[in-house]
Amino acid sequence: MNFSYKTKGTCSRQIDLEINDNIVTNVVFYGGCDGNLKAIPRLVDGWTADQIAEKCSGVLCGFKNTSCADQLAHAVLAAKKAEQACLLYTS
């Protein structure tokens, strides 16, 4: 399932990803720090939403209350919830 998440409080504007059976792949950030936002998707590719949320949740950027990694944690949990709702709806 393809999922898009509008970020809040970061330089990146949006995160797109795919989630299938709770496995996250093809993460793409739009905007933000180019190098970091190319590395993060490579590192988390194939992880579960819960693994990503556990590792990335709470990471802060400078004096901000969030970061692109933290926003990815929010995104994957929202994607997981949407995937579960979709599975319930189609069952």
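Please read all numbers here as calculations on a predicted model, not as lab measurements.
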A.B. asks: Does E18 use its side chain to pair, donor to acceptor, with the backbone of V27 at less than 3.5 Å?
C.D. replies: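 No; zero donor-acceptor contacts below 3.5 Å.
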A.B. asks: Test your reading of the model: is there a side-chain donor-acceptor pair from Q84 to the backbone of K81, 3.5 Å cut-off?
C.D. replies: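 Not a single qualifying donor-acceptor pair exists.
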A.B. asks: On a heavy-atom basis, which atom in A75 and which in F3 lie closest, and how many Å separate them?
C.D. replies: O-CE2, 3.6 Å
A.B. asks: Can you check side chain to side chain contact (heavy atoms under 4.5 Å, CB included) on I52 and L72, steps first, answer last?
C.D. replies: CA-CA 8 Å; I52 295 170; L72 178 60; 3.9 Å; yes
A.B. asks: Do D70 and K64 pass the salt bridge (Lys or Arg N to Asp or Glu O under 4.0 Å) test, and can you show the C-alpha distance, the side-chain angles, and the key distance before you say yes or no?
C.D. replies: CA-CA 11 Å; D70 184 58; K64 296 178 182 180; over 6 Å; no
A.B. asks: Could you pull out the closest heavy-atom pair between Q14 and S4, with the gap in Å?
C.D. replies: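 Smallest interatomic distance, heavy atoms only, reads NE2-OG, 3.6 Å.
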A.B. asks: Taking everything shown except N20 itself, do over 12 heavy atoms lie less than 6.0 Å from its CG?
C.D. replies: yes
A.B. asks: Would you confirm whether S12, through its side chain, and G31, through its main-chain N or O, come within 3.5 Å as a donor-acceptor pair?
C.D. replies: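 Absent.
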A.B. asks: Among side-chain atoms of Y5 and D16, is any donor-acceptor pair under 3.5 angstrom?
C.D. replies: no
A.B. asks: Is there a path of hydrophobic side-chain contacts, each under 4.5 Å between heavy atoms of I, L, V, M, F, W or Y residues, that connects W47 with M1?
C.D. replies: yes
A.B. asks: With the side chain counted from C-beta on, respond yes when L17 and T25 share a heavy-atom pair under 4.5 Å apart, and no when they do not.
C.D. replies: no
A.B. asks: Between V28 and I15, is a side chain to side chain contact (heavy atoms under 4.5 Å, CB included) present by the stated rule, with each step listed?
C.D. replies: CA-CA 6 Å; V28 178; I15 303 169; over 6 Å; no
A.B. asks: Do N22 and K80 have side chains that approach each other closer than 4.5 Å (heavy atoms only, starting at C-beta)?
C.D. replies: yes
A.B. asks: Which of these, C11, S67, C33, sits in a side chain to side chain contact (heavy atoms under 4.5 Å, CB included) with C61?
C.D. replies: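 For C61, the side chain to side chain contact (heavy atoms under 4.5 Å, CB included) check succeeds only for S67.
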A.B. asks: Where do T10 and C68 come nearest, in terms of heavy atoms and distance?
C.D. replies: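 Of all heavy-atom pairs spanning T10 and C68, the closest is CG2-N, 3.7 Å.
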A.B. asks: Mind checking salt bridge (Lys or Arg N to Asp or Glu O under 4.0 Å) for K38 and listing every partner two or more places apart, or none if nothing turns up?
C.D. replies: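 Result, salt bridge (Lys or Arg N to Asp or Glu O under 4.0 Å) vs K38: D34.
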A.B. asks: Can you name the nearest heavy-atom pair linking Q71 to T66, along with the distance?
C.D. replies: NE2-OG1, 3.0 Å
A.B. asks: Looking at every non-hydrogen atom in both residues, tell me the closest pair between V76 and A49 and how far apart they are.
C.D. replies: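 Of all heavy-atom pairs spanning V76 and A49, the closest is CG2-O, 3.5 Å.
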A.B. asks: How close do N26 and D45 get, heavy atom to heavy atom, and via which atoms?
C.D. replies: N-OD1, 3.3 Å
